Trainee: 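Structure in structure tokens, see below.
Note that the coordinates shown come from a computational prediction; the quantities given were computed from them, not determined experimentally.
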Amino acid sequence: MTRLIFLGPPGAGKGTQAQNLAYDCNIPHISTGDILRQAMKEQTLLGIKAQNYVDSGELVPDQLMQELVQERLSQPDIKSGWILDGFPRKVTQAVFLQELLLHMGLPSGEKVVNLDVPDDVVVARLLDRGRKDDTEEVIRRRLEVYRNETAPLIDYYGSKQQLLTVNGNQSQEEVTNELKKVIAF
């Protein structure tokens with residue numbers, strides 16, 4: 001069973017790489033960002049609540065994200081594995097995920113891939129993709145939030161010997177090849 005968690009700043013290429021690996025492994029790519037964007041577009045209750053946080057560059061509260069992830073991981077297509085992209089973003093969410101997986105009868109064993117990309121490269125990438133919520137001010141705020149709240153996950157998973165770091169500041173193909181090597185694809 002392949003279970004991967006992708007970490008890295010916004011714009012590191014997590015979504016693209018997760019999609020590629022999910023396709024190759026025939027497992028679902030679970031992007032909490034995509035799920036949230038869809039909920040905001042459809043103006044669901046979760047989407048409306050999340051919109052205010054996203055617009056200001058803040059993280060969506062734990063409770064909303066945990067409900068979303070728990071619901072998604074209860075679906076039958078995850079039996080052979082999954083790639084989580086965008087969750088956990090904090091150590092408290094990582095602890096929640098570990099407890100959820102134990103409750104589901106899945107022992108800890110997921111690998112955590114950290115795509116390491118310098119801030120200036122991230123800013124340039126995000127400005128280039130042209131989303132309306134990607135202004136330089138919001139991007140820099142998201143990076144600050146990432147460094148303060150998400151980066152401690154690197155230490156958390158590193159201490160559990162689950163962390164694999166990949167240089168995300170190279171071509172898409174080079175990152176894919178490096179990922180396949182480090183996860184023993």
Trainee: Test Ser80 against Asn26 for side-chain hydrogen bond (donor to acceptor under 3.5 Å, both in side chains), laying out the working first.
Mentor: CA-CA 8 Å; Ser80 59; Asn26 197 29; over 6 Å; no

Trainee: Could you grab the distance from atom CG of Leu7 to atom CG of Leu115, nearest 0.5 Å is fine?
Mentor: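 Interatomic distance, Leu7 CG to Leu115 CG, rounded to 0.5 Å: 8.5 Å.
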
Trainee: If hydrophobic clusters are built by linking Ile, Leu, Val, Met, Phe, Trp and Tyr wherever their side-chain heavy atoms come under 4.5 Å apart, do Leu68 and Tyr53 end up in the same one?
Mentor: yes

Trainee: Roughly how far apart are Tyr23 OH and His29 NE2, rounded to 0.5 Å?
Mentor: 16.0 Å

Trainee: So, are Arg125 and Asp134 salt-bridged, with charged N and O less than 4.0 Å apart?
Mentor: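 No, no charged N to carboxylate O under 4.0 Å.
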
Trainee: Give a yes or no on whether Leu106 and Ile83 share a hydrophobic cluster (residues Ile, Leu, Val, Met, Phe, Trp, Tyr; joining criterion: side-chain heavy atoms under 4.5 Å apart).
Mentor: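 Not linked; separate clusters.
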
Trainee: Going by distance alone, is a donor N or O of one side chain under 3.5 Å from an acceptor N or O of the other, for Gln17 and Thr176?
Mentor: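 There is such a pair between these side chains.
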
Trainee: Count I, L, V, M, F, W, Y as connected when their side-chain heavy atoms are under 4.5 Å apart, and connections chain through other members. Are Leu97 and Ile35 then in the same cluster?
Mentor: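 They do share one cluster, since a chain of ILVMFWY contacts under 4.5 Å joins Leu97 to Ile35.
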
Trainee: What are the two closest heavy atoms between Pro28 and Arg72, and how far apart are they?
Mentor: CB-NH2, 3.5 Å

Trainee: Side chain to side chain contact (heavy atoms under 4.5 Å, CB included) for Ile48 and Met40? Distances and angles first, verdict last.
Mentor: CA-CA 6 Å; Ile48 292 166; Met40 289 184 293; over 6 Å; no

Trainee: Return yes if a side-chain donor-acceptor contact under 3.5 Å exists between Asp85 and Thr32, otherwise no.
Mentor: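 There is no such pair (donor and acceptor under 3.5 Å, judged by atom type) between the side chains of Asp85 and Thr32.
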
Trainee: Is there side-chain contact between Glu110 and Met1, with at least one heavy-atom pair below 4.5 Å?
Mentor: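 Contact flag for Glu110/Met1 side chains = no.
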
Trainee: Closer than 4.0 angstrom, basic N to acidic O: yes or no for Glu144 and Arg141?
Mentor: yes

Trainee: Are any non-hydrogen side-chain atoms of Lys111 and Gln162 less than 4.5 angstrom apart?
Mentor: no

Trainee: Which value, rounded to the nearest 0.5 Å, describes the distance between Gln93 atom CD and Gln98 atom CD?
Mentor: 14.0 Å

Trainee: Is Leu179 close to Leu21 at the side-chain level, that is, under 4.5 Å between some pair of heavy atoms?
Mentor: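 Yes, side chains in contact.
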
Trainee: Answer yes if the side chains of Asp34 and Gln38 hold a donor-acceptor pair under 3.5 Å, and no otherwise.
Mentor: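 Not at all, the side chains of Asp34 and Gln38 share no donor-acceptor pair under 3.5 Å.
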
Trainee: Glu58 vs Arg142, test: salt bridge (Lys or Arg N to Asp or Glu O under 4.0 Å). Steps then yes/no.
Mentor: CA-CA 7 Å; Glu58 300 294 326; Arg142 287 169 60 201; over 6 Å; no

Trainee: With a 4.5 Å cut-off on side-chain heavy atoms, are Leu46 and Leu36 touching?
Mentor: yes

Trainee: Locate the shortest heavy-atom distance separating Val122 from Pro10; write the atom from each residue and the value.
Mentor: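 Shortest heavy-atom separation between Val122 and Pro10 comes out as CG1-O, 2.7 Å.
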
Trainee: Are there over 12 heavy-atom neighbours, none belonging to Asp128, within less than 6.0 Å of that residue's CG?
Mentor: yes

Trainee: Please find the pair of heavy atoms, one from Leu126 and one from Gly11, that lie closest to each other, and give the distance.
Mentor: CD2-CA, 3.6 Å

Trainee: Using the rule given for salt bridge (Lys or Arg N to Asp or Glu O under 4.0 Å), can you reason through Lys132 versus Asp55, listing the C-alpha separation, both sets of side-chain angles and the distance that settles it, and then say yes or no?
Mentor: CA-CA 10 Å; Lys132 72 175 183 140; Asp55 286 347; 5.6 Å; no

Trainee: Calculate, to the nearest 0.5 Å, the distance between atoms CG and NZ belonging to Asn148 and Lys90 respectively.
Mentor: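 Reported to 0.5 Å precision, the distance equals 11.5 Å.
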
Trainee: State whether the number of non-hydrogen atoms from other residues, nucleotides or ligands found under 6.0 Å of Glu137 atom CD is greater than 12.
Mentor: no

Trainee: Before you tell me yes or no, could you show the steps for Arg140 and Asp119 under salt bridge (Lys or Arg N to Asp or Glu O under 4.0 Å), namely the whole-Å CA-CA distance, both residues' side-chain angles and the distance that decides it to 0.1 Å?
Mentor: CA-CA 8 Å; Arg140 295 227 179 254; Asp119 286 0; 5.6 Å; no

Trainee: For atom CD of Gln43, decide whether the heavy atoms of other residues, nucleotides or ligands shown that lie under 6.0 angstrom number more than 12.
Mentor: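 Check passes, neighbour count above 12.
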
Trainee: Phe87 versus Ile30: any side-chain heavy-atom pair under 4.5 Å?
Mentor: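 The answer is no, as the side chains (C-beta and beyond) never meet within the 4.5 Å cut-off.
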
Trainee: Can you name the closest pair of heavy atoms from Pro88 and Ile5 and give their distance?
Mentor: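 For Pro88 and Ile5, the tightest heavy-atom pair comes out as CD-CG2, 3.6 Å.
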
Trainee: Does the side chain of Asp77 come within less than 4.5 Å of Trp82's, by heavy atoms?
Mentor: no

Trainee: What closest approach, in Å, do Lys14 and Pro9 show between heavy atoms, and which atom pair accounts for it?
Mentor: NZ-O, 2.9 Å

Trainee: For side chain to side chain contact (heavy atoms under 4.5 Å, CB included), just list the numbers for Leu127 and Ile139, CA-CA rounded to whole Å, side-chain angles, deciding distance to a tenth of an Å, and then say yes or no.
Mentor: CA-CA 8 Å; Leu127 288 173; Ile139 292 167; 3.7 Å; yes

Trainee: Carefully, step by step, assess Val60 and Lys49 under the rule side chain to side chain contact (heavy atoms under 4.5 Å, CB included).
Mentor: CA-CA 8 Å; Val60 173; Lys49 288 180 180 177; over 6 Å; no

Trainee: I want to check something: taking the side chain as every heavy atom from C-beta on, are Val166 and Asn114 in contact at a cut-off of under 4.5 Å?
Mentor: no

Trainee: In Å and rounded to the nearest 0.5 Å, what is the CE to CZ distance from Met65 to Phe96?
Mentor: 10.5 Å

Trainee: Tell me whether Ile27 is reachable from Ile78 by hopping between hydrophobic residues (I, L, V, M, F, W, Y) whose side-chain heavy atoms are closer than 4.5 Å.
Mentor: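 The answer is no; the residues belong to distinct hydrophobic clusters.
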
Trainee: Taking all non-hydrogen atoms of both residues into account, name the closest pair between Asn167 and Val175 and its distance.
Mentor: O-CG2, 3.6 Å

Trainee: Could you state the interatomic distance from OH (Tyr146) to CG (Leu153), rounded to the nearest 0.5 Å?
Mentor: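 The CG atom of Leu153 is 8.0 Å from OH of Tyr146, to the nearest 0.5 Å.
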
Trainee: Please determine, by modelled atom types, if Glu174 and Ser171 share a side-chain donor-acceptor pair under 3.5 angstrom.
Mentor: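 Glu174 vs Ser171: donor-acceptor pair found between side chains.
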
Trainee: Does any part of the side chain of Leu4, heavy atoms only, come nearer than 4.5 Å to the side chain of Ile183, both counted from C-beta?
Mentor: yes

Trainee: Any sub-3.5 Å donor-acceptor pair from Ser159's side-chain atoms to Tyr156's backbone N or O?
Mentor: yes

Trainee: With the threshold set at 4.0 Å, does a side-chain nitrogen-carboxylate oxygen contact exist between Lys180 and Asp24?
Mentor: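 So Lys180 pairs with Asp24 through a salt bridge.
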
Trainee: Is there a path of hydrophobic side-chain contacts, each under 4.5 Å between heavy atoms of I/L/V/M/F/W/Y residues, joining Val123 to Val54?
Mentor: no

